[in-house]
Amino acid sequence: MILLLTNSGDVTTDILMPHLTCRAEVFRLNIDLWKEYTWNIHADGYEISDPLGRVCREAQVGAVYERKVMFNPLTIDVPAGGCPDYWLRSEVLEIWSGIKDLAFGTGKLALIHPSPSGVWKKMRQMRLAAKYFPVPAWQMLHKVNPQIGDNLVCKCNSGQNIGKNRVFNVSKVMPTHIDLEFPWFLQQAVDAVSDVTVAYINGRLFASEYSREGMKGVDCRKPTSEGKGEWKPCELTADEQERIRAMMAETGFTFSRLDFLRGRDGTLHFLEFNVNGQYAWIDILNKRGMLTAIADEVMRVHNKNIPV
């Protein structure tokens, strides 16, 4: 059995499921629907039942795969003294995290696992990436002036919404217009012709490209979410492939989605990597075999622990 840790609204999970259920029994544990499950966790293992009465027993689990463990709504307002809802979420999250930790300790955690060399935040990512790719000059500052030029963009460092479900999009900014009382993540703008995203699946690479021709603004997420333009499969050079594989090998992660900008001269500029990013939209119909590659990795862990 494969235990899939996720949430009920994750479309990537929906798309991937058929590629797993045709090969093994899958138990989907949606954290946002936690009230509909029962669980009993003890010294000898765990038993979890879903609303349909299906039971997941630890001894039967060959692989645990974490997709997106997110509540709905994603965030809640928490008063200074705390509140019951936030306490409940924290308690439930500890359960999901504990199950993942057990799987890691027994060799059952597939694809999305901690790096042997620890957590990789953006600043550490960019330092390492500079060994392999050009990285636009960057600065994270508070109460000091920008020192990396005038052609800058500001970014969100945490990935959190800024209130009322609004997203902090990458935006061009004038250095003289920045309120230095706020924490900022600034980076030199790249004269780019396209965005490139690469799914790294234990050494296999699936690259897609989004043309910036006619795009308004500098953040491709907005037009992408509005259905403007199209992400198309693209080819990486042998050198680019080699550099990505070498960089990811150094991190210790077996899955990631890497984001780049393609400069007008063809140079690939590194932006960041996400060790549990959305990926299904890159190959929804599995024409390139990306979903099969994901399923293969999960099944490899499953079959190692539950031999067929």
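Below, each value reflects all heavy atoms present in this structure, side chains not excepted, and no hydrogens, waters or symmetry copies.
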Pair up each side-chain donor or acceptor in residues 27-35 with any protein partner under 3.5 Å, not counting sequence neighbours, and list the distances.
unit_1	atom_1	unit_2	atom_2	d
Arg28	NE	Asn30	OD1	2.9
Arg28	NH1	Asp14	OD1	2.8
Arg28	NH2	Asn7	O	3.0
Arg28	NH2	Asp14	OD1	3.3
Asn30	OD1	Ser8	N	3.3
Asn30	ND2	Tyr37	OH	3.4
Asp32	OD1	Ser8	N	2.9
Asp32	OD2	Ser8	OG	2.4

Q) Linking I/L/V/M/F/W/Y whenever their side-chain heavy atoms sit closer than 4.5 Å, directly or via other members, would Ile282 and Ile15 fall into one cluster? A) yes
So for atom CD, which belongs to Glu213, do other residues, nucleotides or ligands contribute more than 12 heavy atoms lying within a distance under 6.0 Å?
no
Requested in this report: Kindly indicate whether the side chain of Met17, heavy atoms from C-beta on, has any atom under 4.5 Å from the side chain of Thr13.
Outcome: yes
### Message
Is any side-chain heavy atom of Asp296 closer than 4.5 Å to one of Met299?
### Response
no
d(Glu230 CD, Glu209 CD) to nearest 0.5 Å is 12.0 Å
(Q) Checking Gln278 against Asp10 for the side chain to side chain contact (heavy atoms under 4.5 Å, CB included) test, could you report, in this order, the C-alpha distance in whole Å, the side-chain angles of both residues, the deciding distance, and whether it holds? (A) CA-CA 9 Å; Gln278 301 282 5; Asp10 185 58; 3.2 Å; yes
- Message: Is there a side chain to side chain contact (heavy atoms under 4.5 Å, CB included) between Thr251 and Phe273? Walk through the geometry before answering.
- Response: CA-CA 11 Å; Thr251 68; Phe273 62 76; 4.0 Å; yes
Is there a chain of hydrophobic side chains (I, L, V, M, F, W, Y, each step under 4.5 Å between heavy atoms) that links Leu291 to Ile201?
yes
Closest heavy-atom pair, Lys228 versus Tyr210, reported as atoms and distance to 0.1 Å, is O-OH, 2.5 Å
Hits for ring-ring contact (aromatic ring centres under 6.0 Å, His included) against Phe270, two or more places apart or cross-chain, chain-then-number order -> Phe260
Donor-acceptor pairs under 3.5 Å, side chain of residues 136-154 to any protein atom, not counting sequence neighbours: which ones?
unit_1	atom_1	unit_2	atom_2	d
Gln139	OE1	Gln147	N	2.8
Gln139	NE2	Asn145	O	3.4
His142	NE2	Glu181	O	3.1

Tightest non-hydrogen contact, residues Glu36 and Pro51, listed as OE1-CG, 3.4 Å
d(Thr237 OG1, Arg243 CZ) to nearest 0.5 Å is 8.0 Å
Value for CD1 (Ile2) from NE2 (His302), rounded to nearest 0.5 Å, stands at 5.5 Å
Closest non-hydrogen contact found for Ala246 with Tyr132 is CB-CE2, 3.6 Å
Residue pairs passing the salt bridge (Lys or Arg N to Asp or Glu O under 4.0 Å) test with at least one member in residues 113-134, sequence neighbours excluded, are Lys122-Glu272, Lys131-Glu250
Across all chains, not counting sequence neighbours, the side chain to side chain donor-acceptor pair (under 3.5 Å) partners of Thr267 are Asp265
Any side-chain heavy atom of Lys155 within less than 4.5 Å of one from Leu271?
yes
Looking only at heavy atoms, the pair that brings Leu268 and Leu236 closest together is CD2-CD2, 4.3 Å
In short, side chain to side chain donor-acceptor pair (under 3.5 Å) pairs touching residues 167-177 with sequence neighbours left out are none
In the single-linkage hydrophobic clustering (I, L, V, M, F, W, Y; side-chain heavy atoms under 4.5 Å), do Val275 and Ile112 co-cluster?
-> no
Taking the side chain as every heavy atom from C-beta outward, state whether Ser97 and Val69 have any atom pair closer than 4.5 Å.
-> no
Honestly curious: do Leu258 and Phe206 fall in one hydrophobic cluster under the side-chain, below-4.5 Å linking rule? no
**Item:** Heavy-atom side-chain contact between Glu47 and Arg57 under 4.5 Å
**Value:** yes
Shortest non-hydrogen pair, Gly118 vs Phe253, comes out as O-CZ, 4.2 Å
Correct closest heavy-atom pair for Ser256 and Met248 would be CB-CE, 3.5 Å
Sorted by chain and residue number, the side chain to side chain donor-acceptor pair (under 3.5 Å) partners of Thr197 (sequence neighbours excluded) come out as Arg257, Asp259
Q.
Any heavy-atom pair between the side chains of Ile48 and Ile99 that's under 4.5 Å?
A. yes
message = Quick check: do Phe255 and Glu297 have side-chain heavy atoms less than 4.5 Å from each other?
response = no
Do the side chains of Trp231 and Met290 join up, straight or via other hydrophobic residues, at under 4.5 Å, putting them in one cluster? yes
The side chain to side chain donor-acceptor pair (under 3.5 Å) partners of Thr292 (sequence neighbours excluded) come to Asn286
Here the salt bridge (Lys or Arg N to Asp or Glu O under 4.0 Å) pairs for residues 99-111, sequence neighbours left out, are Glu66-Lys100
Taken in chain and number order and not counting sequence neighbours, the residues that satisfy ring-ring contact (aromatic ring centres under 6.0 Å, His included) with Trp96 are Trp39
Notebook entry, point to check: Do Arg288 and Asp283 pass the salt bridge (charged side-chain N to carboxylate O under 4.0 Å, His left out) test, and can you show the C-alpha distance, the side-chain angles, and the key distance before you say yes or no?
Noted result: CA-CA 7 Å; Arg288 300 159 65 190; Asp283 189 19; 5.3 Å; no
Interatomic distance, CG@Asp195 vs CE@Met215, rounded to 0.5 Å, equals 6.0 Å
When rounded to the nearest 0.5 Å, the distance separating CE of Met247 from CG of Leu128 is 6.5 Å
Check: Sub-3.5 Å donor-acceptor pair from the side chain of Arg204 to the main-chain atoms of Ile294, do we have one?
Finding: no
Are any non-hydrogen side-chain atoms of Phe133 and Ile244 less than 4.5 angstrom apart? yes
Between Leu4 and Val298, does the side chain to side chain contact (heavy atoms under 4.5 Å, CB included) criterion hold? Intermediate values first, please. CA-CA 10 Å; Leu4 211 162; Val298 176; over 6 Å; no
The side chain to side chain donor-acceptor pair (under 3.5 Å) partners of Arg262 (sequence neighbours excluded) come to Glu240
Just checking Asp77: does its CG atom have more than 12 heavy atoms from other residues, nucleotides or ligands closer to it than 6.0 angstrom? no
Rounded to the nearest 0.5 Å, the CG atom of Asn276 sits from the CZ atom of Arg67 at a distance of 5.0 Å
Ignoring hydrogens and angles, write down the donor-acceptor pairs under 3.5 Å from the side chains of residues 58-65, residues two or more places apart or on other chains.
unit_1	atom_1	unit_2	atom_2	d
Tyr65	OH	Tyr279	OH	2.9

